[in-house]
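Remarks on the structure that follows.
Only this structure's heavy atoms are used, side chains among them; waters, hydrogens and symmetry mates stay out.
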Amino acid sequence: AIITKEDRLWKDACDQAVGKDIPLTYIDGQLTPGYLSYLRNQLDAWNIPVGNFVMAVDYWNDIVENQDFQTALEPVSKYELIMTGRLATLLGVTMITDGFRDPTPRVLNHGELYFVAQPDYHGVYTTRGGVQSEPTTGANQGNTDKGWLLSEPFSFVMANVRSVSKAVRR
């Protein structure tokens with residue numbers, strides 16, 4: 001649940017950045033390597049190194065079924081995709097999907113795709129005072145067991161609105 005909340009915070013920050021300097025891109029029909037190249041170049045135009053692209057699970061079908069992707073991938077990558085279902089590197093960018101998560105913690109809506117700069121150019125999580133710990137008896141949770149209560153306040157900072165480009169399927 002914590003990771004999902006952090007991922008949603010990141011997605012919200014990316015959605016607010018879209019349109020500031022890099023416009024939202026609409027994908028008509030299937031995803032193609034041409035769309036990916038265009039989205040990647042939107043970051044390259046600002047001399048920002050691209051690190052990953054994060055896509056919703058419905059784009060996975062486009063990659064598997066689209067002949068343009070089949071010709072763009074060499075035999076070893078095709079074999080890995082078929083045997084493991086894991087994504088690869090394409091256009092020098094790591095492909096990530098939340099499609100292999102359980103449905104509940106998925107963060108992206110169908111049809112969403114983000115190209116994101118390398119972490120040094122994108123944003124960071126910052127701690128605010130470090131980890132705080134205190135012993136607890138569990139009484140406030142209705143339990144009689146003993147343990148430690150740990151907490152760590154942190155924040156997320158997206159340092160550069162030019163570090164993300166987004167596409168949505170029409």
Lys/Arg-Asp/Glu bridge criterion (N-O < 4.0 Å) met for Glu112, Lys11: yes
Electrostatic pair Asp15-Arg8, nearest N-O below 4.0 angstrom: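 No, no charged N to carboxylate O under 4.0 Å.
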Step-by-step side chain to side chain contact (heavy atoms under 4.5 Å, CB included) determination, Ile48 to His122: CA-CA 9 Å; Ile48 296 173; His122 183 55; over 6 Å; no
Test log, rule salt bridge (charged side-chain N to carboxylate O under 4.0 Å, His left out), inputs Arg106 and Asp7: CA-CA 9 Å; Arg106 287 186 185 162; Asp7 290 349; over 6 Å; no
Set of residues satisfying ring-ring contact (aromatic ring centres under 6.0 Å, His included) with respect to Tyr59, sequence neighbours excluded: none
Beyond-backbone contact of [X] with [Y], side-chain heavy atoms, under 4.5 angstrom:
| X | Y | answer |
| --- | --- | --- |
| Ile22 | Val164 | no |
| Arg169 | Asp62 | yes |
| Tyr114 | Leu108 | yes |
| Phe69 | Gln67 | no |
| Val54 | Leu113 | no |
| Ile27 | Leu31 | yes |
| Pro49 | Tyr121 | yes |
| Glu152 | Ser133 | no |

Which atom names give the shortest non-hydrogen contact between [X] and [Y], and what distance separates them?
| X | Y | value |
| --- | --- | --- |
| Val18 | Lys166 | CG2-CB, 3.5 Å |
| Ala56 | Gly111 | CB-N, 3.9 Å |
| Gly130 | Pro153 | O-CD, 3.8 Å |
| Gln42 | Pro23 | NE2-O, 3.8 Å |

Which residues share a side chain to side chain donor-acceptor pair (under 3.5 Å) with [X], sequence neighbours left out:
| X | result |
| --- | --- |
| Asp21 | Arg162 |
| Asn66 | Gln30 |
| Asp12 | Gln16 |

Residue pairs involving residues 29-55 (criterion ring-ring contact (aromatic ring centres under 6.0 Å, His included); sequence neighbours excluded): Phe53-Phe115
ILVMFWY clustering at 4.5 Å (side-chain atoms), partners of Val161: none
Rounded to the nearest 0.5 Å, how far apart are [atom1] of [X] and [atom2] of [Y]?
| X | Y | atom1 | atom2 | answer |
| --- | --- | --- | --- | --- |
| Cys14 | Met158 | SG | CE | 3.5 Å |
| Asp120 | Asn160 | CG | CG | 12.0 Å |
| Thr25 | Arg170 | OG1 | CZ | 10.0 Å |

Verdict with reasoning, His110 to Val57, per side chain to side chain contact (heavy atoms under 4.5 Å, CB included): CA-CA 7 Å; His110 283 288; Val57 65; 3.6 Å; yes
Any donor-acceptor N/O pair, Ser163 side chain to Val116 backbone, under 3.5 Å: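 Not at all, since once roles are kept as given, no pair shorter than 3.5 Å links the two residues.
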Residues Trp60, Asp58; criterion side chain to side chain contact (heavy atoms under 4.5 Å, CB included); working and verdict: CA-CA 5 Å; Trp60 178 244; Asp58 59 318; over 6 Å; no
